[in-house]
Amino acid sequence: MNPALLVIGAVLALALALGVRARRGRTMTLEEWTVGGRGFGTVFVFLLMAGEIYTTFTFLGGSGWAYGKGAPAFYILCYGALAYALSYFLLPVIWRYAREHQLLSQADYFTSKFGSPGLGVLVSVVSVIAIVPYLVLQLKGLGIIVSEASYGAITSNSAVWISSAVLVVYVVVSGVRGSAWTAVVKDVMILVVAIALGLYLPLHYYGGMRTMFERIEAAKPGFLTLPATGMSPSWFISTVILTSLGFYMWPHTFGAVYTARHENVFRRNAVVMPLYQLVLLFVFLAGFAAIQQVPGLTGSAADLSLLRVSRQTFGPWIVGTIGAAGLLTALVPGSMLLMTAATLVAKNVYGRLAPGTPEVRVTLLAKWLVPVIALVSVYFTMRGGETLVTLLLMGYNFVTQLFPPLLFSLGRKPYATRAGAFAGILSGVATVAWLTLSGVTMATLVPSWPDVVKDLNAGIIAMLVNTVVLLVVSLATGPRGATDAAVTSRPV
Amino acid sequence: MRWYRWLALVPAIGMLGGVPFVNRVEPWVFGLPLLLAWVLVWVLLTSATMWLIYALDRRHERRAEQSGA
């Protein structure tokens, strides 16, 4: 075993130990397992949220896109900051409602707000569909890290199997508290590693950032700006809007909202978190530095660039440390995603379809579903050849379809009706599925229209369809269908 | 009416609205191409804006508490 794998193994053991330690002395009810008994303060919620946001997507995907696509990667820097600004107004409202009604998951919110268990089931299904590409992304990232750090001794496929086994054990052992503690270790490591790489690589290979960028611009003119067609400013703006609206629609992020002790936690986070986005600058710098040092990685291989350039620059001990940071960026969010998906299927789908199931059985089922969902993700990981960023954007297209019904449900008397929410989500998801499966883009749909329209992110179109359908159906069915919270507490 | 809460739109409009106009490499800002520098500055301004709104909200809430008591 080489030193790089040793370091990664040691960090993994530490993460597992923290997970086991975190659960000691607490009885694991479903509420404790998933929302930590709703007693986390600013620091913990901050770490949990950062823990989900700084994923292997940021680390390998961000540098991979800077390496392979250049300026379009900057969108990643934008959407997080804008999502936090939105969270200042959105999250306290959701949190207050969730506490009042003792909610555990995102689907609970929709069930309760619209007085419709069926809607809860639909939301859960959409969420789980969106989670799968996100999980695939984490597993792919883990696979890349383990096989690169083994210097090719472990193939990428066996690395994916090992990683998913680790992920499953980690989730079953620790639940949400394990995630929060490991997030502490992960955040420190990722900060140090990203900043060090982003500063050192341009300096080491080019003598400075300006020289590096000038050489890239000379070799690939236009790489540092958005192209006139394709990933144009129009694509950039529509993608940032789509992803920042979808940011908190992820069931695990939505669920993390419930862990807060007080709503001010979110308002403070909205001030601090945009600064956290700055880590991405350094990730981009590392990706740009790799362009002329490890050339020739095309397509999804671009995601390897960060680790390839590290291998070329440093010895195995440092490569191991970088790999270990990467491992944690996949493990923490990966465990949140797995746990969320398992809870959703057990509680919000099975629990609804077979009412009266005792909570102990639901909790047990949730734990058994963890390896099942992991296996499904392994299957898709082995099949696809997408880049990490493409996978995330695919998930976003689905999950953003939950934003219009959420937005129109916020008031005391929601504008959206039950039927409106159903119709909106279904039409939005159907549009996304059609666009994804047929490969249709705006450019093929309306070829004669100006580029400004053709380059729009297709997910935006689906969300517009969704919103229009929701409003029209709500208008037709309301106010009879409009439900108040009081109706919803009756047993189902 | 908490009119100042509309300030939250400023970073979104500034960051995204500016993109078509700053989609250039030059002038360089701290060794970064202009587009990247533009985005970075607006991330910082997002944090500053939210801080301002939070501070004003706190003042507003303290006043509401005092007049209520």
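Convention: sequence-line order gives letters A, B, ...; per-chain numbering from 1.
- Although no hydrogens or angles enter the test, the distance criterion places a donor-acceptor pair under 3.5 Å between the side chain of A:Ser87 and the main chain of A:Tyr84.
- For chain B, the nearby parts of A:Leu77 are the backbone and the side chain; heavy atoms of each come within less than 4.5 Å.
- When the candidates B:Leu36, B:Thr49, B:Leu34, B:Val43 are compared by the number of heavy-atom contacts under 4.5 Å with chain A, B:Leu36 comes out ahead.
- A:Phe288 has its ring centre less than 6.0 Å from the ring centre of A:Phe213.
- Interface summary for chain B: among A:Leu280, A:Leu281, A:Leu285, the most heavy-atom pairs under 4.5 angstrom belong to A:Leu281.
- For a residue to count as touching a neighbouring chain, one of its non-hydrogen atoms must lie under 4.5 Å from one of that chain's; by this rule B:Ile53 touches chain A with backbone and side chain alike.
- With respect to chain A, the highest number of heavy-atom pairs below 4.5 Å among B:Leu44, B:Leu9, B:Leu32 belongs to B:Leu32.
- In this structure A:Phe236 satisfies the ring pair (Phe, Tyr, Trp, His ring centres under 6.0 Å) test with no other residue, sequence neighbours excluded.
- Residue B:Trp51 touches chain A through both its backbone and its side chain, counting heavy-atom pairs closer than 4.5 Å.
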Residues 10-26 of chain B, side-chain donor-acceptor partners within the protein, below 3.5 Å, at least two apart:
from, atom 1, to, atom 2, distance (Å)
B:Asn23, OD1, A:Leu226, N, 2.7
B:Asn23, ND2, A:Leu226, O, 2.9
B:Arg24, NE, B:Glu26, O, 3.3
B:Arg24, NH1, B:Phe21, O, 3.4

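- Aromatic rings of A:Phe284 and A:Phe74 (six-membered ring for Trp) have centroids within the 6.0 Å cut-off, being under it.
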